[in-house]
J.: 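Have a look at this one before I ask anything.
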2 protein chains.
Amino acid sequence: MTLSGPFALEASNLGKSGRTRARLMDAAVDVFAREGFQAASVNEIARLADVANGTFYVHFRDKDAIAAEVAYGITREIARQIDEAMSQIDGAAERFSFATRQFIELATTQPMWGWVLIRSAWIVPELNHRVETYLSSDLKRGVKQGIFNREIDPFIVDAISSMILSALAARLRGDAGEEAGSRVSELALCMLGFPVSEAKALAWSAITLQDFSTNVLPRAPKP
Amino acid sequence: MTLSGPFALEASNLGKSGRTRARLMDAAVDVFAREGFQAASVNEIARLADVANGTFYVHFRDKDAIAAEVAYGITREIARQIDEAMSQIDGAAERFSFATRQFIELATTQPMWGWVLIRSAWIVPELNHRVETYLSSDLKRGVKQGIFNREIDPFIVDAISSMILSALAARLRGDAGEEAGSRVSELALCMLGFPVSEAKALAWSAITLQDFSTNVLPRAPKP
DNA sequence: GAGAATTTTGGGAGGTTTGTCAATTATAGG
DNA sequence: CCTATAATTGACAAACCTCCCAAAATTCTC
C-alpha cells in the first residue's frame with residue numbers, strides 16, 4: 001500500500017469518495033513536483049494514486065481542476081500553519097522574517113510541496129497569486145506601522161516573492177543549508193529600507209521554527 | 001513566407017543547412033515563448049519553421065538539444081550586446097545598473113526572447129546558469145572595487161537574478177512600465193549594501209539604452 | 001440481507017507525439 | 001548538362017494521452 005500523503009491523512013475521516021479524491025491530490029502533488037505541471041499526465045496521477053484512470057475524471061474535470069485544488073490546499077495549509085505559529089508576533093518586520101524562514105523550512109519537511117511551488121508557480125497563476133497575497137498583507141502591515149519606508153505595490157511583492165522562491169529552490173536542491181531563510185530574509189529587509197545591521201539582527205535572531213511535518217495536518221487516527 | 005527571426009537573419013549567409021537550422025531555432029523560440037519548454041512539441045516547431053517533421057531530426061537530436069542551442073544563442077547575443085554597449089562604463093555599480101535596465105528593455109524589443117527566458121529558465125538549467133554567470137562577473141568586480149560590501153556567492157546571485165527575471169516578466173505582461181529596470185536595479189543595489197539615496201541615484205540616472213531590435217544581430221543583406 | 005445508490009473499473013475511440021527511414025528533390029562541381 | 005553529394009520529405013510504427021461509458025464492485029438504507 002502506498003503511504004498516504006497529507007491530503008489523504010486530512011481526509012481519512014471522510015467518505016470513500018472524499019478519500020479517493022484526496023489520494024488523487026497527493027498523487028498529483030508528487031507528479032507535479034517531479035515533472036512540473038505541464039509534463040504531468042492524468043494517467044500517471046491516477047496510476048500513482050492506485051485508481052483506474054477513469055476514476056480521475058469522476059473527481060476532477062481535468063488537470064487544471066486538480067492543479068487548482070492542489071494549489072489551494074497547499075497554500076491554505078502553509079498559510080494557516082505559519083499564521084498560527086506567529087500569532088504572538090506583532091512587529092511587521094519580525095513577522096515577515098519569521099514567515100519567510102518558516103516558509104523556507106518547508107523545503108525540509110514537505111519537499112514535495114516545495115517543489116510544486118517552484119515548478120508550477122509560473123504556470124498555475126493561482127499559486128503565485130496566493131503566495132503573494134499572504135506576503136502582501138504583512139508587508140502592508142509594516143507600512144502602517146511606519147516600519148517599511150517603501151511603497152508596497154505588486155511589483156515589489158513580486159520581486160520579494162520570487163527571491164524567496166529562489167531561496168526555497170536552493171534549499172530544495174541542497175545548494176543552501178538552514179541559513180537560507182535568514183539570508184533571504186536579511187536581503188529582503190535591506191530592500192525594504194532597513195539598515196544592514198538591523199536587518200541582520202532580525203533575520204538571524206534565534207527563533208523556534210515549527211515542525212511542519214508533524215503539525216501541518218491533523219494526525220490520522222491510529223488504525 | 002514566414003518572416004524570419006533573428007537567428008535566420010544571422011544565418012542568411014550560411015549554406016542551406018545552416019539556414020534551415022536557424023529557421024528551426026527561431027521557430028523554437030516562438031513556441032517556447034508561447035507555451036513554455038515542456039508543452040512545446042517538436043511537431044509544432046517544425047510546422048512553424050515550414051519544414052517537414054523529419055527535417056527537425058536531421059538538425060537536432062531532440063527537443064533538449066534545440067533548447068540548449070537556443071539558450072546558448074539568446075544569452076550569448078544579449079550578453080554581447082549589453083557588454084558592447086557598456087564597454088566605456090567602469091564602475092561595477094553603474095555597470096550592474098546599466099546591464100539590468102538594458103536587459104529588461106529586452107522585453108520591449110525582443111519580447112519572445114524575454115518570454116523564453118521567463119518560461120523556460122527554471123526548466124532549462126543552461127538558461128539560468130548563463131544569465132547568472134554574466135551577472136556574477138559584474139558583481140564580483142564590485143567586490144574587487146570595494147563597492148559592494150557583501151560576499152558574492154551563488155545564493156545571492158540567484159536571488160538577484162530571479163528578482164530581475166520577475167521584473168522582466170512584469171514588463172512583458174505589461175504590468176510594469178519603463179521604470180521597471182530602474183526599480184529592480186535600485187532594490188538590488190540596496191541589497192548589495194548601498195545606502196538608499198545612492199542606490200536611487202544610480203538606478204534612476206539618465207542613460208541611453210541601446211535599441212536591441214536594430215542592433216542585436218547584423219542586418220540581413222537586402223535580397 | 002435485499003435492493004438502491006454510489007463509486008470504481010478498465011477497455012476503447014480518436015487524437016497527438018516522437019523518432020526512423022527509404023524515397024525524392026535540390027545543390028554544386030566538373 | 002550530368003552526376004555525386006547534401007538536404008528534405010512524408011508516411012509510419014509505437015507509445016502515450018484524454019475522455020467516455022457500460023458493466024462490475026462496493027457501500028448505504030431500511
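All figures in this text were calculated on a predicted structure; none of them were measured in a lab. Within every chain, numbering begins at 1; the chains are lettered A, B, ... in the order of the sequence lines, protein sequences first and strands thereafter.
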J.: Base, backbone or nothing for each nucleotide of nucleotides 13-30 of chain C, written B, S, -, heavy atoms under 4.0 angstrom, 5' to 3'?
T.: ----SBBB-----SS---
J.: For B:Ala79, what residues pass the side chain to side chain contact (heavy atoms under 4.5 Å, CB included) criterion, not counting sequence neighbours?
T.: B:Tyr134
J.: Any side-chain hydrogen bond (donor to acceptor under 3.5 Å, both in side chains) involving residues 54-71 of chain B? Give me the pairs, sequence neighbours left out, ordered by first then second residue.
T.: B:Arg21-B:Glu69
J.: Only counting residues at least two apart or in another chain, list the ones meeting side-chain hydrogen bond (donor to acceptor under 3.5 Å, both in side chains) with A:Asn13.
T.: none
J.: Measure the distance from CD1 on A:Ile45 to C1' on D:dT18 and round it to the nearest whole Å.
T.: 12 Å
J.: Between P on C:dG10 and CZ on A:Phe56, what's the gap in Å once rounded to a whole number?
T.: 18 Å
J.: Can you name the ring-ring contact (aromatic ring centres under 6.0 Å, His included) partners of B:Phe96, sequence neighbours left out?
T.: none
J.: Going by the rule side-chain hydrogen bond (donor to acceptor under 3.5 Å, both in side chains), which residues pair with A:Ser182 if we only count those two or more places apart in sequence or in a different chain?
T.: A:Arg101
J.: Taking OP1 and OP2 of C:dT8, is either one under 4.0 Å from a side-chain nitrogen or oxygen of A:His59?
T.: yes
J.: Please give, in whole Å, the distance from D:dA7 C1' to B:Arg23 CZ?
T.: 12 Å
J.: Grab the CG-C1' distance between B:Leu24 and D:dT8 for me, whole Å please.
T.: 11 Å
J.: Just one of A:Phe32, A:Trp115, A:Trp122 clears the ring-ring contact (aromatic ring centres under 6.0 Å, His included) bar with A:Phe37, so which one?
T.: A:Phe32
